[in-house]
Protein chains: 4
Amino acid sequence: MIGKIFSNNCPRRERRKEARPGELLAAALELFVEKGYAATRSEEVARRAGVSKGTLFLYFATKEELFKAVVRENIAGRFAEWNTEFETFEGSTPEMLRYALVMWWERIGKTPAAGITKLMMSEAVNFPELAAFYQQEVIEPGHELIRRILQRGVDRGEFRPMDMEHAIFAVLAPMIFLMSWKHSFGACVSSATLLDPERYLEQQAQILLHGLCSPDTAGKATSQGKT
Amino acid sequence: MIGKIFSNNCPRRERRKEARPGELLAAALELFVEKGYAATRSEEVARRAGVSKGTLFLYFATKEELFKAVVRENIAGRFAEWNTEFETFEGSTPEMLRYALVMWWERIGKTPAAGITKLMMSEAVNFPELAAFYQQEVIEPGHELIRRILQRGVDRGEFRPMDMEHAIFAVLAPMIFLMSWKHSFGACVSSATLLDPERYLEQQAQILLHGLCSPDTAGKATSQGKT
Amino acid sequence: MIGKIFSNNCPRRERRKEARPGELLAAALELFVEKGYAATRSEEVARRAGVSKGTLFLYFATKEELFKAVVRENIAGRFAEWNTEFETFEGSTPEMLRYALVMWWERIGKTPAAGITKLMMSEAVNFPELAAFYQQEVIEPGHELIRRILQRGVDRGEFRPMDMEHAIFAVLAPMIFLMSWKHSFGACVSSATLLDPERYLEQQAQILLHGLCSPDTAGKATSQGKT
Amino acid sequence: MIGKIFSNNCPRRERRKEARPGELLAAALELFVEKGYAATRSEEVARRAGVSKGTLFLYFATKEELFKAVVRENIAGRFAEWNTEFETFEGSTPEMLRYALVMWWERIGKTPAAGITKLMMSEAVNFPELAAFYQQEVIEPGHELIRRILQRGVDRGEFRPMDMEHAIFAVLAPMIFLMSWKHSFGACVSSATLLDPERYLEQQAQILLHGLCSPDTAGKATSQGKT
DNA sequence: AATGAATGAGGGTTCATTCAT
DNA sequence: GATGAATGAACCCTCATTCAT
């Protein structure tokens, strides 16, 4: 009984043991995002997780495995939740689009998870298998979600007809750009900090919806586009 | 006689000597873009340039210097030329914006130089000094050019007033995105090839100018934006 | 039980860990003395210490650091002990001088530490920082000790007054010479082995004290010297 | 005729060509003495001699050959001349000894040739063949000359009988020491410059002849020595 | 003979990975 | 399981040497 109390009250070892992989993944995420795959040393990952080098390799057979695990771990399948939000959203599609960008920033863009995308893009070529996984788990569901939003707008007559597949990239690009910028120049070149993500996204929504043209000229130029 | 003069002017060794740095930079560009900075072995750069390891270091003191040279080489001051084009452009600003995107794709986006930007973004954190150089030599002139285009549009009443600094990113983002995408997933995930850069840019110009909204709704929604 | 305690206190790994730096320094001392700084390969140092190349760099960050450590290790502050001996010495100063030379040979000259001085003199120009260290930690205390001996002799009327600073070198020179000789020609030219260090030092003490001249002529020639 | 005048007056090419090996040896001597064998780079030798790297190897097949040539070249057989001086010297042997030390300094010690001895001692172990050559060409004749001087003193009753072979080293040591010191600490540690070679040698002669002891005590202590 | 571009073996150093404790 | 000392393959870079010109 008493033994049980102790083991329940103070199972630091036990709990640590179970938490280990998570702590290692967290440390690795930070470091990979901070310095890139190659420049991250396994010893430092271990140290930051508070364990020894040997322990790291107890949980992840190789650095490559660790990297893959970090990416997989941090690509939470949020799409179920988001699809639900999409289906229950009641406002206009322009509002939905604006909402999507803002929510994305809150939930992904400003979190360390954004670093993963940047990382994934930097290393895609060296980890094609991982890139394929990412494609399947993130890119495709993401595209699908954006496609549904855009289609909703078209269906409801809020958006003009469009080349859907490329329009998806029009919505995606500001997000990708923001993650890339934040985790590259944004992290080291002072003047690059001029970019305020929230204002940028707000304005981006505006432009996506209405463009840069002043209202009176908007009609005329349209005819030129191939779209 | 004349033949002799020519053959004297270009003995093989000399010609190689002058060509070497260029050949090495070309090989290095390819490999850096292909595999990233760390994963590129200097010996392979040399081999791809058709020389021995030692020769590489005859022209570039360290791998880091080689990297810097590759970056510098591939961002040659195109801005002078572009500024001139800007000043002599006679059409409307929407046309100018569309033209700028198309030309950028022709001259940079689809060339290996685009890989450099991707590379630079991946390695900025590891080479802060180089990032500062890039910021100064590429980012700032680029921003300035975009700023002048947008300002021209505003001044001529073609564009509505805007938060200029963030609007610059609105124009920049599609280009950055395209380079990042092309040199990451675009290079290894088959389905990602759905993105046709030229159509994307064309459509992007269209959206930048007029947005996604159908003409009749365009006016109403505008009021919401903070911009 | 007691046996267990002992075996617990000294597990093999731990013992090695503590012994490693010493083993590496010993191996490095041998090799540096044997072949000089540049000609000594770090891998060979490691091999001679019975470890792999990587292990060497676990304990000494660079070859230069290893060299410095070897030099520092082998000039341990013997001067405290020697100064004490000096202060408690009860015989005449000529006896003291003879004793100093003999003791120096026993404790330094005939040990591998002598090779360090030879090495240091060969490499001083290439490691000015280390040379300064050596100057401060070895040369100056050594000079000071010799100075005190000579001054004692002068003060007690045993030695004639002298140009002290140069006289120091008169005492030092036989020792430096002996180390240099032993670790150069003495190590490879057979006939150079004619030099018996102990007899040489004994005779050197004799000469330092009384010169080469036969007693009756000693007085006359003295007048010429500048000293 | 005129042709001859020209070729005589301005045979720069011709004269250079013949002088080449000498210029290379001079440059090599300087650099070897300055930085040691290993730290001297063949390209720098060539540059200092005003020729290209290739030319150096035209005259000396390997760096090792160059080194050997430098040593051989700079070990002028001065002993014939010195033996003559010895034979025609008319003063006392103490005067001769003093004269020998002073002359040695003038003709060798203070010239770059002294650097050779220092170099030879540093590298003896790595170039045993060269050390043997040095032993034969310099050490043995040098010993022989010193031996003759000392023997002359003994024969004429100016010096007391002595252990001749070790006494030779007593005369040699100050010279060896001076060369070693000058080309090691003397070249980089400021305080080591306290040593004034000429005063040192003068005093050394004095000590060699009469020792450090004050005249009245000289007689007593003598009995102890083994010599 | 002279040049200097080119070579490539070899050395110092790093770091992912192993394994005895 | 956990540790951290040990390993050694692999990398960047140097520089004596070669050789086409």
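Residue numbering restarts at 1 for every chain, and letters A, B, ... go by the order of the sequence lines.
Look at CG on L56(D): it is 11 Å from P on dT3(E), rounded to the nearest Å. The separation between E65(D) atom CD and dT17(F) atom C1' is 14 Å, rounded to whole Å. Taking atom CZ of residue F57(D) and atom C1' of nucleotide dA1(E), one finds them 17 Å apart after rounding to whole Å. Remark: P of dC12(F) and OH of Y37(B) are 8 Å apart, rounded to the nearest angstrom. Straight-line distance from the CG atom of L24(A) to the C1' atom of dA2(F): 12 Å, rounded to whole Å. Rounding to whole angstrom units, CZ of residue R41(C) and P of dT13(E) are separated by 12 Å.
Closest approach of S184(C) to V125(D), counting heavy atoms only: O-CG2, 4.4 Å.
In this structure, S42(B) reaches the sugar-phosphate backbone alone: every heavy-atom distance under 4.0 Å involves primed, P, OP1 or OP2 atoms, never a base. Within 4.0 Å (heavy atoms only), F60(D) reaches no atom of the nucleic acid at all. Note on K63(C): only backbone sugar-phosphate atoms sit closer than 4.0 angstrom, heavy atoms only; bases stay farther off.
Listed pair S52(B) / dT7(E) meets the phosphate criterion, a side-chain N or O lying under 4.0 Å from OP1 or OP2. Distances shown here put every side-chain N or O of T62(A) at or beyond 4.0 Å from the OP1 or OP2 atom of dA16(E). The shortest distance between the side-chain N/O atoms of Y59(A) and the OP1/OP2 oxygens of dA2(F) is below 4.0 Å.
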For this session: Test Y134(B) against T117(B) for side chain to side chain contact (heavy atoms under 4.5 Å, CB included), laying out the working first.
Result: CA-CA 9 Å; Y134(B) 197 83; T117(B) 298; 2.8 Å; yes
Problem set entry | Verdict with supporting geometry, E44(B) and R47(B), side chain to side chain contact (heavy atoms under 4.5 Å, CB included) | CA-CA 5 Å; E44(B) 201 179 349; R47(B) 187 167 47 239; 3.8 Å; yes
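On a pure distance criterion of 3.5 Å, no polar donor-acceptor pair joins the side chain of K53(B) and the base of dG11(E).
Nearest-nucleotide assignment on DNA chain E puts the 5′-proximal partner with G54(D), out of T40(C) and G54(D).
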